[in-house]
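Below, chains carry the letters A, B, ... as their sequence lines are ordered, and counting in each starts from 1. The shown structure was predicted, so the numbers you read here are calculated from the model rather than taken from an experiment.
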Amino acid sequence: MDTIRVTLPGGKVMEIPPGMKIQEIVSSLRLNSHIIAARVDGVAVDLDRPLRRDCALDWIPMDSPEGLDILRHSTAHLMAQAVQGLFPGTQVTIGPTIEDGFYYDFNRESSFTPEELETIEARMRDLAASDLKITREEISRKKAIELFRSLGEGYKVAILEEIPDDTVSLYRQGDWVDLCRGPHVPATGVIRAFKLTGIAGAYWRGDERNEMLQRIYGTSWHSEEALSEHLRLLEEAKKRDHRKLGQELGLFMVSEAIGPGLPIWLPKGAMVRSILERYIVDLERSLGYQHVYTPQLARTDLYRQSGHWDHFKDNMYPPMRFEDKEELVLRPMNCPHHIMIYRRDLHSYRDLPLRLAELGTMYRYERSGVLSGLSRVRAMTLNDAHIFCLPEQIQSETVGVLRLIERVYRDFGFKDYWYRLSLRDPKDKSKFVDNDAMWDNAERYLRQALTEVGIAYKEATGEAAYYGPKIDVQLNDVLGHSETLSTVQLDFYLPERFGLEYVDKDGQRKRPVMIHRGVISTMERMMAFLIEHYAGNFPLWLSPVQVRLMTVTDEQKGYAEKVLRRLQALGWRAELDGRNEKLGYKIREAQMAKIPYAVVIGDRETKNQTVSPRRRGGQTLEPMSVSAFIELLGEEEVARELVGDKPTAGTAD
RNA sequence: GCUGGCGUAGCUCAACGGCAGAGCAGCUGAUUUGUAAUCAGCAGGUUGUAGGUUCAAUUCCUAUCGCCAGCUCCA
């Protein structure tokens, strides 16, 4: 048999001599140069790969997600080649692709400077221009270890020593070689549109006990246009950054004098926050939650008993002592306080579930490097609740919380989020309380609840709370970082620690189960998300200022004030710009302040007793009576939706 | 906490060893204006803080505080 049968994409079968390379098929078919790799029976391979058996072929074009991933991986190699050429003695470690880009970690005495980044980029362009062929080679693991040892690449040797396979693959381009699984683009000339985007330290193997390596980040695209579009989107995203908008819109501040991570809510931000608080408290009360207030300090012993002292001490402020009296700490969590409320009474099984909620302010010592605007702070107020329930109520209560989360996200228009089932790491039990049966049970209940609501989820090992597994809801911030917003945590441990009981039907005292849950997260983080989600354009119901009236000339001031009083009397957050300025100027300021309605009051309106509203997005409405305008506001507030804004309206500049 | 970068007027940014500047915002005056910026004038600073080098430091060095990116950690 002297030919093999290759099924091409689309079903056509081609007969080729065995050993023919995929690249030759690509050339013979005169396919465009955008094909940079292929899939053979579903497995991604280099174009350089010879075919020896009947198989099905599929192309991987450069602009497909998989193609971009390969391109970026090859760009990481190109960068490593440039770095090692420019800075002899620098060792390579790992260089994977990430969303929209890649990085490579190096071990080098000194750090890379921004100027060196440009030099590296220039060298990469040279290497790309020389269009070096990229070739794959398979050798035994033993030989590979020898090779990298002779090259002085200790990290590669360490990686090789952990690979179980006997055979490993190397990739060569020019005189440069790297250990890599591949696949890669056929030659460096394919790599055209790239940019090195940052330098940072990163611990070897992600462990802070290890030495710090030098990481260079970059991005790579199939065309210059795609690259500049990507960079433009990054710039756009920066405009939505809650730290920037929070400053511009006067929502919050952080004062160096007060302290890092201790945000100050300015009047406008405080207005949004109080609306959020009222919203969630009302909603929770309607679902059978009872709100309480408890102090932000407690005896250290309380936290010793709860286990926080053992498991959470690094995140707690040190205790304070007044003379020789009791020792107090700022609370890092609210649960022990709610547990004390539970313990006040002897509970019948008929009382359960007991749902205690609090907008609980708490303090956590976060390491300085992690603080960020409102999303990572040291003083925060959590939309917290603890559900004390019977074991047989776990699933229905968890389902109730999941439904509440879904309901709230709908109200805010959140669409881009995912559920994570956070489990303990069975290999590293030191971070978690030790009770295998408890963990297994809790995990099962959470899975059942997720299934019942029909929610898809990803599992994350090692992400659990110290007292139990949890369901987290992850949202991306505007810069692409995933953060937890909502959380549902199952806890068999604290009821045990505090000896919680209820009297069951049979008269026996039994242990209740606790569910810790947060829906709109901390007020701080929720605010950060909302600012970015709406790009500062809050929908009417959340806008700190909903309406700004503006006169055309002084003549209309009397009528405008009358309209203002009428709106304010009905609870609308309205203000009047009666300054002696041109209308265009006032409109512009209202637009930049992102106020939903700018309402023009000139001679015509005064004469007809009307108003002329203009929406934030630029839409001018026909003059209407004040009552009609109020009706319009009422409908929009109830709908809780954005009206008249472009979905990605950034700042006006 | 670690690696790197950056701290100049309320905000956004110049000046980079030789008298610290602009735009916006603020104040005063003129302008009475119809859907994204009217004009003029005035005022605004121990250049984050503390040391050091120098005849001279915003500029160079050291320490420290803060911010930013990333690592680690997390609501």
CA sep, side-chain torsions, deciding dist, call: Thr553(A), Glu555(A), side chain to side chain donor-acceptor pair (under 3.5 Å): CA-CA 5 Å; Thr553(A) 72; Glu555(A) 301 290 305; 5.1 Å; no
Send over the distance from [X] [atom1] to [N] [atom2], rounded to a whole Å.
X         : N      : atom1 : atom2 : result
Leu621(A) : U35(B) : CG    : P     : 15 Å
Leu262(A) : G66(B) : CG    : C1'   : 13 Å
Asp472(A) : C73(B) : CG    : P     : 15 Å
Glu581(A) : U32(B) : CD    : C1'   : 11 Å
Asn210(A) : U3(B)  : CG    : C1'   : 15 Å
His481(A) : A75(B) : NE2   : C1'   : 16 Å
His308(A) : C74(B) : NE2   : C1'   : 14 Å
Tyr103(A) : C71(B) : OH    : C1'   : 10 Å

Residue-phosphate contact under 4.0 Å: [X] side-chain N/O, [N] OP1/OP2:
X         : N      : result
Thr484(A) : C74(B) : no
Lys244(A) : C68(B) : no
His516(A) : A75(B) : no
Arg614(A) : A36(B) : yes
Ser111(A) : G4(B)  : yes
Tyr217(A) : U3(B)  : no
Arg243(A) : A69(B) : yes
Arg364(A) : A75(B) : no

So if I take every side-chain heavy atom of [X] and compare against [options], which nucleotide ends up nearest?
X         : options                : answer
Glu605(A) : C71(B), C65(B), G34(B) : G34(B)
Glu208(A) : G70(B), G1(B), G34(B)  : G1(B)
Val600(A) : C2(B), A75(B), U35(B)  : U35(B)
Val377(A) : A75(B), G1(B), C71(B)  : A75(B)
Ser521(A) : U38(B), G34(B), A75(B) : A75(B)

Row check, Phe102(A) ring normal vs Arg72(A) NZ/CZ: under 6.0 Å, within 45°: no
On a plain distance test, is the side chain of [X] in donor-acceptor contact with the base of [N] below 3.5 Å?
X         : N      : result
Arg367(A) : U72(B) : yes
Glu366(A) : A75(B) : yes
Arg376(A) : C74(B) : yes
Gln214(A) : G70(B) : no
Tyr365(A) : G1(B)  : no

Can you tell me the Watson-Crick or wobble partner of [N], both distances under 3.5 angstrom?
N      : result
A37(B) : none
G21(B) : C13(B)
C71(B) : G1(B)
G66(B) : C6(B)
G26(B) : C42(B)
G51(B) : C61(B)

Candidate list Tyr419(A), Tyr417(A), Trp418(A), test ring-ring contact (aromatic ring centres under 6.0 Å, His included), partner Tyr409(A), passing option: Tyr417(A)
Can you tell me how far [atom1] in [N] sits from the matching atom in [M], rounded to whole Å?
N      : M      : atom1 : answer
U35(B) : A75(B) : C1'   : 43 Å
G70(B) : A14(B) : P     : 22 Å
A43(B) : A9(B)  : C1'   : 11 Å
C67(B) : U31(B) : C1'   : 43 Å
C24(B) : G18(B) : C1'   : 31 Å

Flag side-chain contact, heavy atom, 4.5 Å: Asp577(A) against Leu549(A): no
Earlier contact from the 5' end, RNA chain B, for Glu589(A) and Pro613(A): Glu589(A)
Most 5' of Leu583(A) and Pro260(A) on RNA chain B, judged by nearest nucleotide: Leu583(A)
Met333(A) and its side chain to side chain contact (heavy atoms under 4.5 Å, CB included) partner, picked from Met316(A), Arg364(A), His516(A): Arg364(A)
Sugar-phosphate, base or nothing in reach of Gly206(A), heavy atoms under 4.0 Å: sugar-phosphate
Touch class at under 4.0 angstrom, heavy-atom based, for Lys470(A) against every strand present: sugar-phosphate
Check against side chain to side chain donor-acceptor pair (under 3.5 Å), Thr381(A) and Arg273(A): CA-CA 11 Å; Thr381(A) 301; Arg273(A) 172 169 169 172; 3.2 Å; yes
Test applied, salt bridge (Lys or Arg N to Asp or Glu O under 4.0 Å); reference residue, Asp241(A); option that passes from Lys239(A), Lys238(A), Arg243(A), Lys244(A): Arg243(A)
Worked verdict on Leu632(A) versus Leu621(A) for side chain to side chain contact (heavy atoms under 4.5 Å, CB included): CA-CA 11 Å; Leu632(A) 181 148; Leu621(A) 306 181; 4.0 Å; yes
